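The structure under discussion appears below in the form of structure tokens.
All values derive from a computational prediction rather than experimental measurement.
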Amino acid sequence: MDFELDDEQRAWVAEVRQFLDEHVTAALRAEMAEHGLEHQGGELTAFRRKIGEKGWFGLNWPKEYGGLGLTAMHQHLLMSEFEYVGVPGPDLTVTSVAPMIMRHGTEQNKKEFLPGVARGEIVFALGYSEPNAGTDLASLRTRAVRDGDEWVINGSKIWNSGAQRSTHEWLCVRTDPDAPRHRGISVIAVPIDTPGIEIHPLYAWSGYRTNETFFRDVRVPVTNLIGELNMGWTYITGALDLERGALINVGDLRRALDELTALAGDPDPAFRRRLAQAEADVEVARLMGLEAASMLDSGRIPSVEVSVEKIFTSELRQRIADLALDLLGPEGLRAHRSAGAPADGFFERLYRVSPLMRFGGGTNEVLRDVIAQRGHKMPSYGR
């Protein structure tokens with residue numbers, strides 16, 4: 001089997017790298033260092049606009065939906081390059097939500113949302129988890145009741161990351177309380193600025209902001225229902241499979257290991273062996289990502305494969321962070337961007353950020369159940 005990129009793929013990588021060289025400016029890096037992804041209207045917004053102008057948010061969409069008609073492999077390679085440089089590229093709106101709208105949405109859904117997503121103007125937050133419905137998502141209680149030509153929504157979502165900077169919620173709601181748990185759920189696109197929505201910040205150990213979002217008598221048009229009524233579980237699980245695939249790009253792992261290797265200099269043989277193992281693991285992760293992209297291009301959603309890959313890459317990220325702190329010793333514990341922190345505290349922050357990746361897109365424990373049940377036909381234990 002040939003694992004090398006072909007000439008066209010190498011040319012694509014070169015094009016992406018040239019774009020990043022030209023547009024990832026010192027001003028953009030300074031803004032991101034100070035504000036993360038939170039600042040609106042500045043360098044980051046201008047950078048996103050440039051991506052939209054290139055058509056790269058919808059680069060692998062069919063042309064009839066405003067895309068460029070390229071492949072999942074093109075998208076995977078682009079995202080890996082963006083991650084290596086440390087700037088945001090196509091997000092879960094593009095990689096997870098939009099494909100579900102294309103596959104299952106009504107014609108009005110497609111016309112209303114896809115062009116704006118392709119331009120980078122519409123951004124969805126994922127309204128899945130609730131205080132009593134996390135890993136057991138089918139227990140969700142947020143309700144949507146039809147009232148004439150509107151849905152009236154009441155409930156709350158937690159770990160609602162990005163809601164503060166999104167335009168819409170990809171909101172999972174119960175529309176038939178009498179149906180079996182997995183069959184009475186729908187997805188509704190809800191504009192964030194709709195009256196009755198309140199967003200309260202929650203901060204993780206890493207400093208990352210997520211949110212708890214409340215919906216009180218929120219009214220949206222009936223046409224904002226995505227696809228068919230009570231078919232939401234299909235759309236949720238499909239989007240989650242694609243989300244896990246989006247989490248396995250190894251650009252940030254490659255960057256972290258490159259920086260760690262440079263810091264290590266000429267380490268002792270024991271540490272050199274640990275670096276060599278990490279190098280092999282990053283290469284395995286890279287091949288896993290290429291496998292998933294290839295499967296998507298063949299028309300399959302690689303549910304089991306991306307679950308395996310998401311577990312492997314998220315736990316590898318933690319191992320690389322542990323390896324770095326072992327090398328740096330007490331100095332490595334200096335806080336990110338604090339005076340005198342080795343590598344400006346890059347690895348201290350990686351250590352704190354890594355746990356997020358072990359439960360984002362589904363906890364690794366739940367995904368091991370998914371692998372057992374979908375991949376090896378083992379029975380569900382009834383959760």
Side-chain donor-acceptor pair present, Glu212, Asn160, cut-off under 3.5 Å: no
Distance-only side-chain donor-acceptor flag, Glu130 / Thr142, under 3.5 Å: yes
Arg319 bridged to Asp281 by N-O distance under 4.0 Å: yes
Name of the residue among Val370, Val366, Asn364, Asp369 meeting side chain to side chain contact (heavy atoms under 4.5 Å, CB included) with Ser307: Val370
His168 ring center within less than 6.0 Å of Phe113 ring center: yes
Centroid separation His200 to Phe214 less than 6.0 Å: yes
Within-4.5 Å side-chain heavy-atom neighbours: Glu121 and Thr167: no
Salt bridge (Lys or Arg N to Asp or Glu O under 4.0 Å) evaluation trace for Lys50 with Glu53: CA-CA 5 Å; Lys50 291 169 186 173; Glu53 290 169 356; over 6 Å; no
Distance-only donor-acceptor check, side chains Tyr208 and Ser161, under 3.5 Å: yes
CH2 on Trp151 to CG on Leu225, rounded to 0.5 Å: 6.0 Å
Candidates Asn154, Val152, Ile153, Val173 - the one meeting side chain to side chain contact (heavy atoms under 4.5 Å, CB included) with Phe215: Ile153
Asn230 side chain to Thr175 side chain, donor-acceptor N/O pair below 3.5 angstrom: yes
Hydrophobic cluster membership, Ile192 vs Phe124, 4.5 Å side-chain cutoff: no
Side-chain donor-acceptor contact under 3.5 Å, His74 with Glu15: no
Flag, side chain of Asp326 to backbone of Leu323, donor-acceptor distance under 3.5 Å: no
Check: Ile101 main-chain N/O paired with Asn109 side-chain donor or acceptor under 3.5 Å: no
Any donor-acceptor N or O pair under 3.5 Å, side chains Tyr128, Trp159: no
Leu253 reachable from Tyr84 in the ILVMFWY side-chain graph, under 4.5 Å edges: no
Carboxylate-amine/guanidinium contact Glu150 Arg146, below 4.0 Å: no
In one Ile/Leu/Val/Met/Phe/Trp/Tyr side-chain cluster, 4.5 Å: Val220, Leu229: yes
Backbone of Leu126 reached by a side-chain donor or acceptor of Lys157 within 3.5 Å: no
Ring centre gap for Trp56 and Phe19 strictly below 6.0 Å: yes
Residues Glu83, Arg317: salt bridge by 4.0 Å N-O rule: no
Salt bridge (charged side-chain N to carboxylate O under 4.0 Å, His left out) partner of Glu279, the single match among Arg286, Arg272, Arg273, Arg254: Arg254
Close side-chain approach of Asp322 to Phe347, heavy-atom, < 4.5 Å: no
Donor-acceptor contact below 3.5 Å, side chain Asp91 vs main chain Val123: no
Short N-O contact, Glu198 and Arg216, less than 4.0 angstrom: yes
Salt bridge (Lys or Arg N to Asp or Glu O under 4.0 Å) evaluation trace for Arg17 with Glu81: CA-CA 7 Å; Arg17 289 178 178 175; Glu81 294 298 324; 2.9 Å; yes
Exercise: do Asp297 and Ser294 side chains pair donor with acceptor under 3.5 Å: no
Where Val85 and Leu20 come nearest, the two heavy atoms and their spacing: CG2-CD1, 3.8 Å
Glu169 (side chain) donor-acceptor with Val190 (main chain) under 3.5 angstrom: no
Pair Glu107-Lys111, salt bridge (Lys or Arg N to Asp or Glu O under 4.0 Å): steps then yes or no: CA-CA 6 Å; Glu107 285 305 309; Lys111 292 176 181 178; 5.4 Å; no
Co-membership, hydrophobic cluster, residues Met295 and Phe312, 4.5 Å side-chain: no
Separation between CZ of Arg119 and CD1 of Ile51, rounded to the nearest 0.5 Å: 15.5 Å
salt_bridge(Arg10, Asp7) N-O dist < 4.0 Å: yes
Same cluster (ILVMFWY, side-chain, under 4.5 Å), Val16 and Leu28: yes
Flag side-chain contact, heavy atom, 4.5 Å: Asn211 against Leu202: no
Heavy atoms from other residues, nucleotides or ligands near CG of Asp193 exceed 12 (cutoff 6.0 Å): yes
Residues Arg349, Asp344; criterion salt bridge (Lys or Arg N to Asp or Glu O under 4.0 Å); working and verdict: CA-CA 10 Å; Arg349 186 173 187 276; Asp344 202 28; over 6 Å; no
Note, Met79 side chain near Pro90 side chain (heavy atom, < 4.5 Å): yes
Non-hydrogen side-chain atoms of Leu114 and Trp61 separated by less than 4.5 Å: yes
Heavy-atom closest contact (Val306 atom, Ala292 atom, distance): CG1-CB, 4.0 Å
Plane angle bin for Phe47 and Phe82 - parallel if under 30°, tilted between 30 and 60°, otherwise perpendicular: tilted
